Protein chains: 2
Amino acid sequence: MRVVVARCAVDYSGRLDAHLPLAKRLLMVKADGSVLVHSDGGSYKPLNWMSPPCSLTVDEPEGADAEAGVVELWTVRSAKTDDKLVVRIHEVLADHSAELGVDPGLVKDGVEAHLQKLLAEQIEILGPGHTLVRREYPTAIGPVDIMARGPEGNSVAVEIKRRGEIDGVEQLTRYLELLGRDPLLAPVRGVFAAQEIKPQARVLAEDRGIRCVVLDYDAMRGLDDVDSRLF
Amino acid sequence: MRVVVARCAVDYSGRLDAHLPLAKRLLMVKADGSVLVHSDGGSYKPLNWMSPPCSLTVDEPEGADAEAGVVELWTVRSAKTDDKLVVRIHEVLADHSAELGVDPGLVKDGVEAHLQKLLAEQIEILGPGHTLVRREYPTAIGPVDIMARGPEGNSVAVEIKRRGEIDGVEQLTRYLELLGRDPLLAPVRGVFAAQEIKPQARVLAEDRGIRCVVLDYDAMRGLDDVDSRLF
DNA sequence: TTATGAATTTCGGAC
DNA sequence: GTCCGAAGTTCATAA
């Protein structure tokens with residue numbers, strides 16, 4: 001990892017063309033050769049960048065660049081595409097390198113995928129007698145989050161969202177319409193499961209005969225932990 | 001802008017919970033108080049971050065933290081939500097601050113603008129005998145992307161999109177209706193040009209007598225390069 | 001101001 | 001590997 005603070009102008013060409021006028025910015029060069037150009041604001045997204053795999057070459061400025069006061073010319077080329085990032089450095093204000101090593105990585109919790117996994121493991125949350133058929137049950141218009149079987153042996157299609165809104169109900173409705181045509185599955189009941197279900201979404205769902213289930217993430221995770229400890 | 005290289009552990013809680021074990025990382029503190037935690041790899045996305053508006057407070061570690069070797073405790077709180085980022089610094093390897101000022105901002109040449117320029121230069125893509133009248137042809141409801149003249153001398157109004165969807169057809173339709181009232185131009189034919197035209201948009205366009213032209217951006221850019229070299 | 005869709009998207013999981 | 005959908009999405013534009 002190398003960090004350079006410099007007055008620089010940046011040009012990117014590739015999927016689009018972009019230009020950054022001369023200003024002070026922070027340049028980050030990662031161990032894999034990728035380069036990030038950050039300003040002192042905005043979000044976590046850099047103003048410009050080059051994703052790995054790529055290679056950085058530093059050249060002496062020539063001709064017009066040299067006359068314009070460029071002291072270093074960086075060219076970052078993508079290894080796979082013809083994307084190119086050119087950094088014209090006019091003044092280096094700081095330059096620091098450090099060995100960081102490989103990061104042990106992020107531990108994440110709480111996304112929709114985790115809810116899906118937990119509900120699949122605790123499918124009885126839908127009610128006694130429910131059994132899991134499979135996660136990501138494929139259909140012609142995309143996979144249903146969870147397909148289960150109810151206590152009477154009927155099919156149950158479950159759509160899971162972190163926040164249940166109208167478009168989620170619409171999505172489930174499309175699945176139900178399609179799945180209901182399959183004589184091996186029909187009749188298919190729908191369950192809309194989310195940590196939080198917006199009132200409008202609940203009204204729409206129940207109007208269409210879809211059951212709404214609010215998921216208690218902490219409780220589900222707690223049960224999961226208990227299970228892990230018990231077995 | 002402040003840049004700190006440090007051995008640290010990071011915890012985020014908010015929309016989800018995430019934890020980064022102790023390792024060397026780069027911490028970026030922007031002028032607006034936002035904080036980015038970068039590793040020496042991955043893409044431009046930080047391992048963890050806090051978006052502005054937010055505030056950073058630095059505390060002396062106490063109790064277990066102090067015993068575990070924490071020398072600085074950073075807490076970054078979102079001003080709007082209850083998101084929180086906690087950085088436990090065990091060792092500071094570098095610490096640098098710099099005044100960057102406000103960035104003049106990015107100048108983007110989107111693909112659509114480039115497509116317009118390229119098609120104007122290569123207007124014969126519309127068919128033999130076409131000539132350019134002008135780009136950004138002004139009308140009372142806004143400029144038409146390209147106005148051209150067809151082989152029989154008739155007017156041709158061109159709407160350019162990267163992805164041709166229904167609203168683009170509607171836009172062109174409005175232009176055509178307006179331009180068609182001008183006796184100096186009428187009759188005006190319409191051309192809907194895009195890198196990709198959605199089937200629904202194509203159906204609507206052709207139903208209205210508008211010709212659809214799919215543009216090959218790479219080929220057009222290639223021709224442009226050849227031209228640039230020749231002249 | 002809000003909603004809608006694209007992104008030089010990135011990131012992860014399923015197959 | 002590829003494909004597909006979510007993201008602590010972020011970002012821009014249109015309504």
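Remember, predicted model here, so these are calculated numbers, not experimental data. In the text below, chain A, chain B and the rest are named by the order of the sequence lines, each starting its count at 1.
Using a 3.5 Å distance cut-off with no hydrogens or angles, the side chains of His38(B) and Lys45(B) do not pair a donor with an acceptor. With hydrogens and angles left out, the side-chain atoms of Arg189(A) and Ser155(A) include no donor and acceptor closer than 3.5 Å. No hydrogens or angles considered: a donor-acceptor pair under 3.5 Å links the side chains of Asp83(A) and Tyr12(A).
Here Asp145(A) does not pair with Arg135(A) in a salt bridge; the nearest charged N to carboxylate O distance is not below 4.0 Å.
The CG-P distance, from Asp145(A) to dC4(D), rounds to 17 Å in whole Å. Here dT10(D) presents its P atom at 11 Å from CE of Met50(B), a figure rounded to the nearest Å. Note: CZ (Arg174(B)) to C1' (dA15(D)) measures 12 Å, nearest angstrom. With rounding to whole Å, Lys30(B) atom NZ is found 12 Å from dT10(D) atom C1'. Ile146(A) places its CD1 atom 16 Å from the C1' atom of dG5(D), with the value rounded to the nearest Å. Rounded to an integer number of Å, the gap from NZ of Lys117(A) to P of dG5(D) is 22 Å. Tyr137(A) has its OH atom 16 Å from the C1' atom of dA14(C), to the nearest Å. Atom-to-atom, CD1 of Ile160(A) to P of dA7(D) comes out at 12 Å; the value is rounded to the nearest Å.
In terms of phosphate contacts, Ser43(A) brings a side-chain nitrogen or oxygen within less than 4.0 Å of OP1 or OP2 of dC11(D). Using a 4.0 Å cut-off, some side-chain N or O of Lys161(A) falls inside it from OP1 or OP2 of dA6(D). In terms of phosphate contacts, Ser51(B) brings a side-chain nitrogen or oxygen within less than 4.0 Å of OP1 or OP2 of dT10(D).
In this structure, of dT10(C), dT8(C), dT10(D), it is dT8(C) that holds the atom nearest to the side chain of Leu16(A). Listed nucleotides: dG8(D), dA14(C), dT8(C). Nearest to the side chain of Asp83(B): dG8(D).
Distance noted for atom C1' between dT8(C) and dA14(D): 23 Å (whole Å). To the nearest whole angstrom, the two P atoms, one in dG5(C) and one in dG5(D), are 16 Å apart.
Evaluation of Trp49(A) against the base of dT8(C) yields a stacking contact (centre distance < 5.5 Å, interplanar angle < 30°). Here Tyr44(A) does not pack flat against the base of dT10(D), since the 5.5 angstrom centre distance and 30 degree tilt limits are not both met.
A donor-acceptor distance shorter than 3.5 angstrom exists from the side chain of Asp40(B) to the backbone of Met1(A), with no hydrogens or angles considered.
Both Lys45(B) and Arg135(A) sit near DNA chain C, but only Lys45(B) has its closest nucleotide nearer the 5' end.
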